[in-house]
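Below is one structure, written out as structure tokens; comments come after it.
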Amino acid sequence: MIMFRCNLQRLTFYISIFCVVASCCFGQTKNKFEFIELKNIDYLEGKSIDTIQRLNLVLPKTDTDYPLLVWIGGGAWSYVDRNVEMDLARKFAEEGIAVASIGHRLSAAKWRDSILDKGVKHPEHIKDLAAAVKWLYEHASENGYDKEKIFIGGFSSGAHLAALIGLDESYLKNEGLSKDVIKGMIPISGTYDVVNYHEVFETGDRQELAELHVEAVFGDSKEDFINASPTNYLENLGIPMLLISDNALDRYTRLFEKRLMESDFKDYNVVYVPDLNHAELWRNISFDNSSTYRASMIEFIRANN
């Protein structure tokens with residue numbers, strides 16, 4: 001089951017999505033591209049301070065200048081693994097879309113594992129992401145993708161980072177790039193207002209996570225939370241966005257959608273997935289041979305080329 005928020009301005013997009021979905025349902029897939037994989041690329045070119053600051057590239061074998069999806073995996077900003085996202089990357093490459101799976105420095109997560117007791121805090125994760133985007137932009141021609149067709153997306157914590165770098169232009173600006181290098185955003189099942197995210201834990205059943213999780217990632221002040229919130233930068237919206245959410249974290253997407261509806265920006269689409277939880281949606285877009293949600297991501301990229 002797939003649930004859309006729809007108005008007339010988005011009708012064309014949804015018609016194309018339904019066509020893709022119908023094709024998936026009846027098994028009518030087109031010929032797949034072969035691809036090559038380039039792993040463990042040091043996007044800081046010798047200046048990295050952690051071996052996790054690497055990216056993997058999956059490139060379709062085609063002479064056409066194809067788009068690139070910069071992808072940030074989930075893991076609560078604390079146990080993200082670019083290699084875990086390779087199945088998803090291969091699925092996109094088969095459709096003629098290159099994928100860069102990004103590794104970034106991680107925060108502490110003692111709440112999950114006592115070994116994870118050290119790490120960075122915001123904005124170090126997104127600084128790494130901005131550096132990766134710079135490398136990808138500057139090395140487009142040698143890898144075959146079009147630097148004018150760069151999209152960014154992510155799942156869970158990666159969705160937050162994808163939305164933030166697309167809205168707060170300061171991170172790309174510090175790398176000498178305009179935010180216009182990104183042509184579209186695909187945040188999936190993330191949180192976008194860190195003030196609200198902290199409050200949810202602070203008033204919930206596991207109040208210790210407000211400190212051990214949220215504050216370990218973002219700092220301990222409201223100002224820290226505001227500065228790290230994509231909702232704080234909605235005046236910068238200027239590129240298309242596809243939001244997708246599972247049924248476990250939809251409260252955060254609904255809050256983001258509410259803020260979007262209050263703005264003047266209209267070039268966004270929201271897809272709710274009421275029958276899949278957080279892990280199920282990730283497995284669906286990463287592993288299923290036929291995924292309506294992955295199809296909607298692919299169609300979004302093609303439609304906004």
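The aromatic ring centres of Trp77 and His104 sit 6.0 Å or more apart. The six-membered or imidazole ring of Phe218 lies near that of His160, with a centre-to-centre distance under 6.0 Å. The distance between the ring centers of Phe287 and Trp282 falls below 6.0 angstrom.
Between atom CG of residue Leu209 and atom CD of residue Glu215 there is a gap of 11.0 Å, rounded to the nearest 0.5 Å. In this structure, CZ in Phe151 is found 10.5 Å from CD1 in Ile182, a value given to the nearest 0.5 Å. Atom CG of Asp267 sits about 7.0 Å away from atom CG of Asn269, to the nearest 0.5 Å. To the nearest 0.5 angstrom, Lys39 atom NZ is 10.0 Å from Ser101 atom OG. One distance of note links CG of Asn143 with CG of Leu68; it measures 9.0 Å at 0.5 Å rounding. With rounding to the nearest 0.5 angstrom, the CD1 atom of Ile36 is 8.5 Å from the CG atom of Leu57.
When atom types are taken as modelled, the side chain of Lys183 and the backbone of Asp180 share a donor-acceptor pair closer than 3.5 angstrom. Put simply, the side chain of Asn277 gets close to the backbone of Glu280: a donor and an acceptor are under 3.5 Å apart. A donor-acceptor pair under 3.5 Å links the side-chain atoms of Thr62 to the main chain of Thr64, judged by distance alone. Here the side chain of Tyr145 pairs a donor or acceptor atom with the backbone of Leu136 at under 3.5 angstrom. Distance alone, capped at 3.5 Å, is enough to place a donor-acceptor pair between the Ser296 side chain and the Tyr293 backbone. Between the Ser48 side chain and the Thr51 main chain, no donor and acceptor come within less than 3.5 Å of each other. Although no hydrogens or angles enter the test, the distance criterion places no donor-acceptor pair under 3.5 Å between the side chain of Ser245 and the main chain of Tyr272. Judged by distance alone, with hydrogens and angles left aside, the side-chain atoms of Asp50 form a donor-acceptor pair with the main-chain N or O of Ile52 at under 3.5 Å. Without hydrogens or angle criteria, Tyr233 side chain to Glu169 main chain gives no donor-acceptor distance under 3.5 Å. Formation of a donor-acceptor pair under 3.5 Å by the Asp168 side chain with backbone atoms of Leu164 is not found in this model.
Test Val217, Val80, Ile72 against Ser157 for side chain to side chain contact (heavy atoms under 4.5 Å, CB included) and you get one pass: Val80. Results of the salt bridge (charged side-chain N to carboxylate O under 4.0 Å, His left out) test with Arg90 over Glu37, Glu85, Glu34 single out Glu37 as the only residue that passes.
Side-chain atoms of Asn289 and Lys91 form a donor-acceptor pair, as typed in the model, at a separation below 3.5 Å. Side-chain polar atoms of Asp87 and Ser286 form no donor-acceptor pair below 3.5 angstrom. Looking at Tyr197 and His213, their side chains do bring a donor and an acceptor atom within 3.5 Å of each other. If you check the side chains of Glu208 and Trp111, you find no donor sitting under 3.5 Å from an acceptor. Side-chain N/O atoms of Asn83 and Asn56 include a donor and acceptor closer than 3.5 Å. Looking only at atom types and distance, the side chain of Ser221 has a donor-acceptor partner in the side chain of Asp224 under 3.5 Å away.
Heavy atoms from other residues, nucleotides or ligands lying under 6.0 Å from CD of Glu211 number 12 at most. Heavy atoms from other residues, nucleotides or ligands lying under 6.0 Å from CG of Asp264 number 12 at most. Atom CD of Glu262 has more than 12 neighbouring heavy atoms from other residues, nucleotides or ligands inside a 6.0 Å radius.
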Between His278 and Phe155, is a ring-ring contact (aromatic ring centres under 6.0 Å, His included) present by the stated rule, with each step listed?
CA-CA 9 Å; His278 199 56; Phe155 189 86; 4.8 Å; yes

Phe33/Lys61 under side-chain contact (heavy atoms from CB on, under 4.5 Å): CA gap, chis, key distance, verdict:
CA-CA 6 Å; Phe33 288 96; Lys61 291 183 178 180; 6.0 Å; no

Steps toward side-chain contact (heavy atoms from CB on, under 4.5 Å) verdict (Leu249, Thr191)
CA-CA 8 Å; Leu249 273 72; Thr191 184; 5.9 Å; no

Evaluate the side-chain contact (heavy atoms from CB on, under 4.5 Å) criterion for residues Tyr66 and Asp146: first the C-alpha distance (whole Å), next the side-chain angles of each, then the deciding distance (0.1 Å), finally the verdict.
CA-CA 6 Å; Tyr66 40 83; Asp146 190 339; over 6 Å; no

Under the criterion side-chain contact (heavy atoms from CB on, under 4.5 Å), I'd like the reasoning laid out for Leu129 against Tyr171: C-alpha separation, chi angles, the key distance, then a yes or no.
CA-CA 9 Å; Leu129 177 56; Tyr171 301 106; over 6 Å; no

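Asn247 and Pro274 make their closest contact through ND2-O, 3.0 Å (heavy atoms, listed as atom of the first residue, atom of the second, distance). Across Ser156 and Gly74, no two heavy atoms sit closer than the pair CB-CA, 4.0 Å. Nearest heavy atoms, Ala140 versus Lys147: CB-CB, 3.6 Å. Closest approach of Leu167 to Pro230, counting heavy atoms only: CD1-O, 3.4 Å. Across all their heavy atoms, Ala162 and Gly154 have their closest contact at CB-N, 4.0 Å. For Ile298 against Ile97, the heavy-atom pair with the smallest separation is CG2-CD1, 4.0 Å.
Between Leu237 and Ile239 the shortest side-chain heavy-atom distance does not fall below 4.5 Å. Residues Glu45 and Trp135 meet the side-chain proximity criterion, which asks for heavy atoms closer than 4.5 Å. Two residues are said to be in side-chain contact when any heavy atoms from C-beta on lie closer than 4.5 Å; Asp42 and Gln53 fail this criterion. Using a 4.5 Å heavy-atom cutoff, the side chains of Ile244 and Leu242 are in contact. Side-chain contact between Arg254 and Val270 is absent, with no heavy-atom pair separated by less than 4.5 Å. No side-chain heavy atom of Val271 sits under 4.5 Å from any side-chain heavy atom of Leu243. Considering only heavy atoms from C-beta on, Met241 comes within 4.5 Å of Leu260 through its side chain. Two residues are said to be in side-chain contact when any heavy atoms from C-beta on lie closer than 4.5 Å; Ile152 and Leu69 fail this criterion.
Hydrophobic clustering places Ile165 together with Phe225 (ILVMFWY residues linked when any side-chain heavy atoms are closer than 4.5 Å, directly or through intermediates). One hydrophobic cluster, built from ILVMFWY side chains closer than 4.5 Å, cannot hold both Val58 and Ile41; they sit in different ones.
Annotation: ring-ring contact (aromatic ring centres under 6.0 Å, His included) contacts of Tyr192 (sequence neighbours excluded): Phe256.
Residues Asp193 and Arg259 are paired through a salt bridge, judged by an N-O separation under 4.0 Å between the basic side chain and the carboxylate. The existence of a salt bridge linking Arg294 and Glu95 is excluded, since no basic side-chain nitrogen approaches an acidic carboxylate oxygen closer than 4.0 Å.
The salt bridge (charged side-chain N to carboxylate O under 4.0 Å, His left out) contacts involving residues 99-113 comprise Arg105-Glu124, Arg105-Asp128, where partners must be two or more places apart or lie in separate chains.
Between Tyr268 and Phe265, the two ring planes are parallel [angle under 30°; tilted spans 30° to 60°].
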